[in-house]
Amino acid sequence: MSNKIGIIGDGHVGSTVAQQLILTGLVDDLVMIDVNEAKVRADQLDFQDAMANLKHHTTITINDYSALKDADIVISAFGNIELEAGGERFAELNYNRERIGDIAEAIKKSGFNGILLAITNPVDAITNMYQELTGLPRKHVIGTGTLLDTARMKRAVGELMNVDPRSVEGFNLGEHGNSQFTAWSTVKVLEKPVTEVAEAKHLKLEDLNDEIKFGGQTVYKGKQYTNYGISAAVTRLVETIQSDAHTEMPVSNYQGKYGTYLSYPAIVGRDGIIQTVELTLTDEEEKKLQASAATIKEKANK
């Protein structure tokens, strides 16, 4: 069975996602779309030049929305990262809102009926717009959300506890933005609640909050964009969908309780959001989540 994936937006993130998918063999047919014809054509040729030395083969088509008709997954990676220089992902909202209408219409017109994954910021608001504009089922429109923020939390906790980040469990919740937070009550390390381990070691978890929340800004200041962390998150999400793994992931999905797309753990598989999960949060965490949902809706409505 052939795996066909479309990527809309061939900037730092889109091209890195394309590279990851090609190198891992997760895509047989790749459709790359970007308004910069010269850039996307150059990347197509560059990837084709790499094929003779790669383990997997990928057929690459560029700037053809009609080719998305039989795609399994379409990834939205367009945007303008320079607008986020001040550390606010909603700074991209107006720029991306002006473009999403035509893009969503082209996706819809192609007859695409697969899973739509949004990276484009502000991702929770944009994911909501994609769902409304394309008419795809909510379970088939997913944002990467705090999958990356959660990875940053696992890195920070792992470094503090001297363990592999993959040995840290738990979630960051809410907006993929400044109102997101680490739900410390969900975090486990060394098979114990992280709060218990931190207390025994006289460590302050609160000291990690800014590093987790603003880790992307640290990367941005160093090279004016981020790409590897988010592309790894997207690649894992694609693999989860393709293999129908039914994996619990903190992705941006529609939460009726909060009336918006935001990041909250859900079971992900070939049919998108397979099942919702109910966390037992502390009162303080629940208030933070409600506040984050309110922030997303308020800023999106502006």
Side-chain angles (χ1 to χ4, degrees), residues 12-13 16-17 19-26 55-56 75 117 119 123 142-174 176-177 180-223 225-253 263-269 274 277 279-282 285:
H12 295 297
V13 172
T16 307
V17 170
Q19 183 188 36
Q20 287 272 6
L21 295 176
I22 290 168
L23 290 178
T24 52
L26 289 174
K55 183 178 179 181
H56 308 283
I75 299 166
L117 301 181
I119 307 172
V123 72
I142 305 170
T144 48
T146 59
L147 191 56
L148 175 55
D149 306 277
T150 296
R152 287 179 176 139
M153 176 273 289
K154 291 181 177 182
R155 171 187 58 78
V157 171
E159 287 177 354
L160 188 67
M161 303 294 180
N162 196 30
V163 299
D164 186 322
R166 293 171 297 181
S167 295
V168 180
E169 299 175 28
F171 306 105
N172 273 48
L173 304 176
H176 175 55
Q180 62 89 21
F181 65 98
T182 302
W184 289 114
S185 69
T186 69
V187 183
K188 283 180 64 178
V189 65
L190 302 173
E191 294 306 317
K192 293 180 180 178
V194 72
T195 49
E196 185 181 315
V197 178
E199 187 176 347
K201 292 177 176 283
H202 306 291
L203 302 170
K204 290 185 177 181
L205 295 174
E206 296 76 24
D207 293 345
L208 299 179
N209 284 336
D210 282 353
E211 181 181 350
I212 296 164
K213 184 181 291 189
F214 302 114
Q217 276 299 299
T218 304
V219 176
Y220 179 86
K221 287 173 183 175
K223 60 181 187 179
Y225 61 92
T226 65
N227 60 328
Y228 298 129
I230 186 60
S231 67
V234 177
T235 301
R236 182 180 170 217
L237 192 47
V238 167
E239 188 170 20
T240 298
I241 292 166
Q242 287 183 348
S243 62
D244 199 25
H246 289 220
T247 302
E248 184 180 57
M249 308 176 90
V251 292
S252 189
N253 61 101
S263 282
Y264 197 92
I267 305 302
V268 180
I274 304 295
V277 175
L279 293 173
T280 303
L281 301 175
T282 65
E285 289 168 347

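One is the number of the first residue; the rest follow in order along the sequence.
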**Asked** Should Val187 and Leu205 be marked as a side-chain contact (heavy atoms from CB on, under 4.5 Å) after you check the CA-CA gap, both sets of side-chain angles, and the distance that decides it?
**Response** CA-CA 11 Å; Val187 183; Leu205 295 174; over 6 Å; no
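- Contact record, Gly145 with Ser263: CA-OG, 3.1 Å, taken as the closest heavy-atom pair.
- Annotation for Glu159: atom CD counts as buried by contact number, over 12 foreign heavy atoms lying within 6.0 Å.
- In this structure, the separation between NE2 on His56 and CG on Leu23 is 8.5 Å, given to the nearest 0.5 Å.
- With values rounded to the nearest 0.5 angstrom, Thr235 atom OG1 is found 9.5 Å from Ile230 atom CD1.
- Atom NZ of Lys201 has 12 or fewer neighbouring heavy atoms from other residues, nucleotides or ligands inside a 6.0 Å radius.
- Proximity of a side-chain donor or acceptor of Asn253 to a complementary backbone N or O of Tyr264 within less than 3.5 Å is detected.
- The two residues Ala183 and Leu281 come nearest to each other via the heavy atoms CB-CD2, 4.1 Å.
- The local environment of CD in Glu196 is crowded, with over 12 non-hydrogen atoms from other residues, nucleotides or ligands closer than 6.0 Å.
- Environment of CG in Asn162: sparse, with no more than 12 heavy atoms of neighbouring residues, nucleotides or ligands closer than 6.0 Å.
- The backbone N or O of Phe171 lies less than 3.5 Å from a partner atom in the side chain of Thr186, making a donor-acceptor pair.
- For the atom pair Phe181 CZ and Met153 CE, the distance stands at 11.5 Å (nearest 0.5 Å).
- Side chain of Glu285 to main chain of Trp184: a donor-acceptor pair is present (N/O by atom type, distance under 3.5 Å, no hydrogens or angles).
- In this structure, the side chains of Asn172 and Arg152 stay at 4.5 Å or more apart for every pair of heavy atoms.
- Of all non-hydrogen atoms in Tyr225 and Tyr220, the two that sit nearest each other are N-CD1, 3.6 Å.
- Contact of the Pro250 side chain with the Leu147 side chain is registered, since non-hydrogen atoms from C-beta on lie closer than 4.5 Å.
- Looking at every heavy atom in both residues, Gly143 comes nearest to Val123 through CA-CG2, 4.0 Å.
- A distance of 12.5 Å separates CG of Asn209 from NZ of Lys204, quoted to the nearest 0.5 Å.
- Contact check for Thr150 versus Met249: no side-chain heavy atoms found under the 4.5 Å cut-off.
- Of the inter-residue distances, the one linking Gln19 atom CD with Ser231 atom OG reads 8.0 Å to the nearest 0.5 angstrom.
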**Request:** May I have the step-by-step check of side-chain contact (heavy atoms from CB on, under 4.5 Å) for Asp244 and His246, ending in yes or no?
**Result:** CA-CA 6 Å; Asp244 199 25; His246 289 220; 3.2 Å; yes
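- Inter-residue side-chain proximity for Leu117 and Thr144 is flagged as unmet; no heavy-atom pair is nearer than 4.5 Å.
- Gln20 contributes atom CD, which lies 11.0 Å from atom CD of Glu239 (distance to the nearest 0.5 angstrom).
- The backbone N or O of Asp149 lies less than 3.5 Å from no partner atom in the side chain of Thr146, so there is not a single donor-acceptor pair.
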**Request:** Might you work through the side-chain contact (heavy atoms from CB on, under 4.5 Å) test for Leu279 and Leu173, ending with a clear yes or no?
**Result:** CA-CA 11 Å; Leu279 293 173; Leu173 304 176; 3.9 Å; yes
**Prompt:** Run the side-chain contact (heavy atoms from CB on, under 4.5 Å) check on Val238 and Thr24 step by step: do they pass?
**Reply:** CA-CA 11 Å; Val238 167; Thr24 52; over 6 Å; no
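- You'll find the side chain of Val234 stays beyond 4.5 Å of the side chain of Val13, heavy atoms only.
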